[in-house]
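Along the sequence shown, residues carry numbers from 1.
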Amino acid sequence: PLQLAAHDHIIIDAAFDPAGRGKRSGRLATVAGDGRLCLWEPPASEPLGVVSCGSAASRVAWTPHAGPGQRVIVGHEDGLVTAWDVGQYP
């Protein structure tokens with residue numbers, strides 16, 4: 001099993017990159033009640049990047065295009081929606 005340990009709380013939502021640019025199965029984004037967005041390249045157990053989103057997050061989705069300007073959209077429990085540029089991550 002894949003163990004993702006970068007969050008301080010249980011993972012609430014996860015989404016694979018629809019562009020599938022990863023070496024194997026593509027990148028994975030996870031969010032949790034700790035207010036962090038983590039980017040992964042399974043099967044690695046260390047994140048590619050961690051972004052502090054501020055408030056607890058409950059939903060995550062990728063924009064459909066790859067490369068510069070690609071974003072991960074995060075929905076927060078307080079109703080806020082944020083977009084994070086993740087095009088710089090491999």
Side-chain angles (χ1 to χ4, degrees):
L2 179 62
Q3 188 168 0
L4 307 174
H7 289 286
D8 290 335
H9 291 87
I10 191 166
I11 293 173
I12 302 293
D13 197 18
F16 278 100
D17 178 355
R21 294 184 322 147
K23 296 173 187 168
R24 292 185 177 86
S25 59
R27 297 177 298 171
L28 176 69
T30 58
V31 293
D34 60 7
R36 292 181 186 159
L37 162 64
C38 295
L39 303 176
W40 310 86
E41 179 101 56
S45 60
E46 293 296 318
L48 293 171
V50 178
V51 177
S52 177
C53 297
S55 61
S58 58
R59 296 287 183 256
V60 65
W62 294 80
T63 56
H65 68 282
Q70 185 178 28
R71 289 180 171 67
V72 171
I73 310 302
V74 176
H76 300 266
E77 291 179 3
D78 59 6
L80 180 68
V81 176
T82 55
W84 301 92
D85 185 350
V86 294
Q88 75 269 19
Y89 296 101

Asks: How long is the span from the OG atom in S52 to the CZ atom in R36, to the nearest 0.5 Å?
Replies: 7.5 Å
Asks: Is V81 close to I73 at the side-chain level, that is, under 4.5 Å between some pair of heavy atoms?
Replies: yes
Asks: Which heavy atom in A15 sits nearest to a heavy atom in A61, and how many Å separate them?
Replies: CB-CA, 4.4 Å
Asks: If you link ILVMFWY side chains whenever their heavy atoms are less than 4.5 Å apart, which other residues fall into the same cluster as I12? By chain and number, please.
Replies: I10
Asks: Looking at residues at least two apart in the chain, or sitting in another chain, which of them share a side-chain hydrogen bond (donor to acceptor under 3.5 Å, both in side chains) with S58?
Replies: none
Asks: What are the two closest non-hydrogen atoms of W62 and L28, and how far apart are they?
Replies: CZ2-C, 4.1 Å
Asks: Measure the spacing between CD of E46 and CH2 of W40 and express it to the nearest 0.5 Å.
Replies: 7.0 Å
Asks: From the options T82, V51, L80, select the one residue that forms a side chain to side chain contact (heavy atoms under 4.5 Å, CB included) with V74.
Replies: T82
Asks: Do the non-hydrogen side-chain atoms of C38 and V50 ever get within less than 4.5 Å of each other?
Replies: yes
Asks: Determine whether a donor-acceptor pair (N or O, by modelled atom type, separation under 3.5 Å) exists between the side chain of D13 and the backbone of V60.
Replies: yes
Asks: Show the nearest heavy-atom pair for residues P64 and P18, with the distance to one decimal.
Replies: CA-CG, 4.0 Å
Asks: Just one of D85, T63, D17 clears the side chain to side chain donor-acceptor pair (under 3.5 Å) bar with Q70, so which one?
Replies: D17
